[in-house]
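In what follows, a structure is listed as structure tokens, so that the remarks can point back to it.
Note that these values count all heavy atoms, side chains included, but never hydrogens, waters or copies made by symmetry. The residues of the chain are indexed from 1 along the displayed sequence. Predicted model only: the values in this text are computed from it and were never measured.
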Amino acid sequence: DLHSFPTRRSSDLHIVLSCGATALAASEDSTRTQIIAEVLVTASKRLESLQDVPAAISAITADQLELSGADELDDFFRSVPGLLLLPGGGPTDQVIVIRGISDSVSGGFTQSKVGIYIDEIPITSGQGAVNLDMSLFDVERVTVLRGPQGVLYGAASLGGTIKYETRKPNPERFEARAQAAMSDTKEGGFNYSGGGMLNVPLGENVALRVSAFHRYDDGVIDNVALGEENINSTETNGGRVAALWNIGERLSLLGSVVVQNSDLGGQFVYPAALGEFNQSILITELIKDEFTAVNLTGTLDLGFADLTAASSRFERSVDSTNDGTPFMRPFVEGLHVSFFGTPRLLPGPGRGTSIYDVGELYAHELRLVSKNSEQWQWTVGGFYSFEDTAFASITAYDGFADAFGPFALDGDVVLSADGVTTYRQLAAFGELGYRFANGLRATAGLRWAENEIVRGNDHSRFLGAYMEIGRASCRERV
């Protein structure tokens, strides 16, 4: 019976220090304060007031995130109706559920039912339904769209969509900001985080924005077998570089690169039999999660509508090590009886190493969006994505080669497997809306898509013997 818990515990002490500098006049500050009251979102692929969007949407602004001290999704999801995080082995292994729609209760090779976007970058893998634990530093807002969003966001948004909208470079003024926070975790130790941002105009129409952050959360779980305390600590580093170029009054180009690395010292689960926050494992279970997201977006004002072209590339790698001794020991000792006819005690430990690598996720979208001022509003566009995902796993048991002698052709490695899965999606979509005089709005939409999945467990080895498992493919049109 394993227990898991939220990735962040309540703090006895929480101190936040923040400072910033901008080149703004007092009158501009006053104007900005009045504008903040109106929350603008891009949920319908157009910038409009939250109150004008006929959908179930929650928007958490930058001010709300900062006032609550939120650094990650786990810090604010409870305030969003219908949003649930199913806890896993750590903050990067949680499953996001909106309105109870999910096809998995743990991370795995299933397509997520919640789409995740960083600005124009779709980062939802077609092969894994786990959460991307993105830092919220220098984020303009987080928008949660509840309910199916298939017309504008595709098959991965059956339950809903989460959009992280970052702050854009500003050519009009110089900005600088620094933030630091410290806290103490109950049953754990000292936590700290910090970040800095610099926005530099490079002329009247060009600006560069650079931000970086670091966060350390101490663990609360002790490993009684190795005498280690607070093993499930988490350390996260990352940053973002964005550049904006306004070419005349009608054309703009925005490019960005987002990088984040997370290191987890242990799993966020413990068996109830050992008491609260106690594990008994024979190896250190490490998790390393890294991702890079690159995007280039161009927007052209055609007068009657805005033409947007967005291209992105997303990479993610998750490496983990697990203690497999409890289930490997009886298997290996039973295998010894089958091979030699005599029992043999093999204490282990057994270790499992897995690598989940979204090597390439390319996405391209071209869309035409009418102006907000029109009574009739419409959106048409096309979408294409290609994903290449590799996985590898190795299960080894200490002492296996010595016990099995000539039968252990791969040393202590008992089983290994690897494979590559590709996922392609081609889609066309359109949405038409009409604003009535009384403020009501009627909307109808249609999306055609063709999806192709080629999944393969290409190579497997058992006791060093090579096996070809084969590949499977599936194609669907909706």
- Apply side chain to side chain contact (heavy atoms under 4.5 Å, CB included) to Gln425 and Glu450, showing your working. CA-CA 6 Å; Gln425 181 182 166; Glu450 181 176 275; over 6 Å; no
- Using the salt bridge (charged side-chain N to carboxylate O under 4.0 Å, His left out) rule, take Arg173 and Glu204 through it: C-alpha gap first, then chi angles, then the decisive distance, then the call. CA-CA 10 Å; Arg173 61 177 180 265; Glu204 294 183 358; over 6 Å; no
- Query: Between Lys45 and Glu365, does a salt bridge (charged side-chain N to carboxylate O under 4.0 Å, His left out) hold up when you go through it step by step?
  - Reply: CA-CA 11 Å; Lys45 302 284 187 176; Glu365 181 170 298; 3.2 Å; yes
- Message: Please enumerate all residues that pass side-chain contact (heavy atoms from CB on, under 4.5 Å) together with Ser211, with sequence neighbours excluded.
- Response: Phe137, Asp138, Met197, Arg240
- Candidate pair Thr143 and Glu165, rule side-chain hydrogen bond (donor to acceptor under 3.5 Å, both in side chains), full reasoning: CA-CA 8 Å; Thr143 306; Glu165 300 181 62; 3.0 Å; yes
- Go through the steps for Lys288 and Asp263 under the test salt bridge (charged side-chain N to carboxylate O under 4.0 Å, His left out), then give the verdict. CA-CA 5 Å; Lys288 188 175 186 63; Asp263 293 290; 3.0 Å; yes
- Message: For Glu48 and Ser44, which I'm curious about, is there any donor-acceptor pair between the side chains at under 3.5 Å?
- Response: yes
Nearest-0.5 Å distance, [atom1] of residue [X] to [atom2] of residue [Y]:
X: Leu432; Y: Leu446; atom1: CG; atom2: CG; result: 11.5 Å
X: Asp301; Y: Glu249; atom1: CG; atom2: CD; result: 9.5 Å
X: Arg316; Y: Phe291; atom1: CZ; atom2: CZ; result: 8.0 Å
X: Ser68; Y: Asp75; atom1: OG; atom2: CG; result: 7.0 Å
X: Ile118; Y: Asn295; atom1: CD1; atom2: CG; result: 10.0 Å
X: Ile221; Y: Tyr270; atom1: CD1; atom2: OH; result: 7.5 Å

State, to 0.1 Å, how close [X] and [Y] come at their nearest heavy-atom pair, and which atoms those are.
X: Val151; Y: Gly430; answer: CG1-O, 3.6 Å
X: Ala56; Y: Arg99; answer: CB-NH2, 3.4 Å
X: Asp184; Y: Gly189; answer: OD1-O, 3.5 Å
X: Val41; Y: Ala59; answer: CG1-CB, 3.9 Å
X: Ser317; Y: Asp319; answer: OG-OD1, 3.4 Å

Taking the side chain as C-beta and beyond, is there a heavy-atom pair between [X] and [Y] under 4.5 Å?
X: Leu136; Y: Val142; answer: yes
X: Pro171; Y: Asn205; answer: no
X: Leu152; Y: Phe429; answer: yes
X: Pro201; Y: Phe174; answer: yes
X: Arg441; Y: Gln377; answer: yes
X: Phe386; Y: Glu360; answer: yes
X: Phe213; Y: Ser193; answer: no
X: Trp378; Y: Glu431; answer: no

- Task: Would you check, one step at a time, whether the test side chain to side chain contact (heavy atoms under 4.5 Å, CB included) holds for Tyr117 with Thr161?
- Result: CA-CA 8 Å; Tyr117 280 71; Thr161 300; 4.0 Å; yes
- Message: Please determine whether a side-chain nitrogen of the Lys or Arg among Arg215 and Glu72 lies less than 4.0 Å from a carboxylate oxygen of the Asp or Glu.
- Response: yes
- Task: Run the salt-bridge test on Glu120 and Arg367 with the 4.0 Å N-O cut-off and return the result as yes or no.
- Result: yes
- Message: Run the side-chain hydrogen bond (donor to acceptor under 3.5 Å, both in side chains) test on Tyr434 and Gln375 for me, step by step, so that the C-alpha distance in whole Å, both residues' side-chain angles and the decisive distance to 0.1 Å come before the verdict.
- Response: CA-CA 6 Å; Tyr434 181 78; Gln375 194 171 27; 3.1 Å; yes
- Message: I'd like to know whether Thr389 forms a side-chain hydrogen bond (donor to acceptor under 3.5 Å, both in side chains) with Thr421, so could you lay out the CA-CA distance, the side-chain angles of the two residues, the decisive distance to 0.1 Å, and finally the verdict.
- Response: CA-CA 5 Å; Thr389 302; Thr421 298; over 6 Å; no
Without swapping roles, check the side chain of [X] against the backbone of [Y] for a donor-acceptor pair under 3.5 Å.
X: Gln149; Y: Gly147; value: yes
X: Arg46; Y: Ser370; value: yes
X: Thr124; Y: Ile116; value: yes
X: Asn322; Y: Thr353; value: no
X: Asn170; Y: Glu172; value: yes

- Message: Run the side chain to side chain contact (heavy atoms under 4.5 Å, CB included) test on Val241 and Arg209 for me, step by step, so that the C-alpha distance in whole Å, both residues' side-chain angles and the decisive distance to 0.1 Å come before the verdict.
- Response: CA-CA 6 Å; Val241 178; Arg209 192 179 189 96; over 6 Å; no
Side-chain donor/acceptor pairs under 3.5 Å, residues 302-314, sequence neighbours excluded:
unit_1	atom_1	unit_2	atom_2	d
Asp306	OD1	Lys371	NZ	2.9
Ser311	OG	His364	ND1	2.9
Arg313	NE	Tyr362	OH	2.7
Arg313	NH1	Glu315	OE1	3.4
Arg313	NH1	Glu315	OE2	2.6

- Message: Applying salt bridge (charged side-chain N to carboxylate O under 4.0 Å, His left out) as the test, list every pair that has at least one member in residues 189-202; sequence neighbours left out.
- Response: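 Residue pairs passing salt bridge (charged side-chain N to carboxylate O under 4.0 Å, His left out), neighbours aside: none found.
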- Task: Among Val97, Leu83, Ile162, Val144, find the one that has a side-chain contact (heavy atoms from CB on, under 4.5 Å) with Val114.
- Result: Ile162
- From CA spacing to verdict: side-chain hydrogen bond (donor to acceptor under 3.5 Å, both in side chains), Ser58, Arg146: CA-CA 8 Å; Ser58 296; Arg146 300 187 296 277; 2.6 Å; yes
- Applying side chain to side chain donor-acceptor pair (under 3.5 Å) between Asp218 and each of Asn230, Asn232, Asn191, Thr234, report the one that passes.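 Going through Asn230, Asn232, Asn191, Thr234 one by one, the side chain to side chain donor-acceptor pair (under 3.5 Å) with Asp218 is satisfied by Asn230 alone.
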- Cation-pi, Tyr153 ring and Lys163 (6.0 angstrom, 45 degrees): no
- Derivation and outcome, side chain to side chain contact (heavy atoms under 4.5 Å, CB included), residues Leu73 and Met134: CA-CA 7 Å; Leu73 182 61; Met134 178 178 166; over 6 Å; no
- Going through the distances and angles, do Glu66 and Arg177 end up as a salt bridge (charged side-chain N to carboxylate O under 4.0 Å, His left out)? CA-CA 13 Å; Glu66 185 172 346; Arg177 178 169 174 261; 3.1 Å; yes
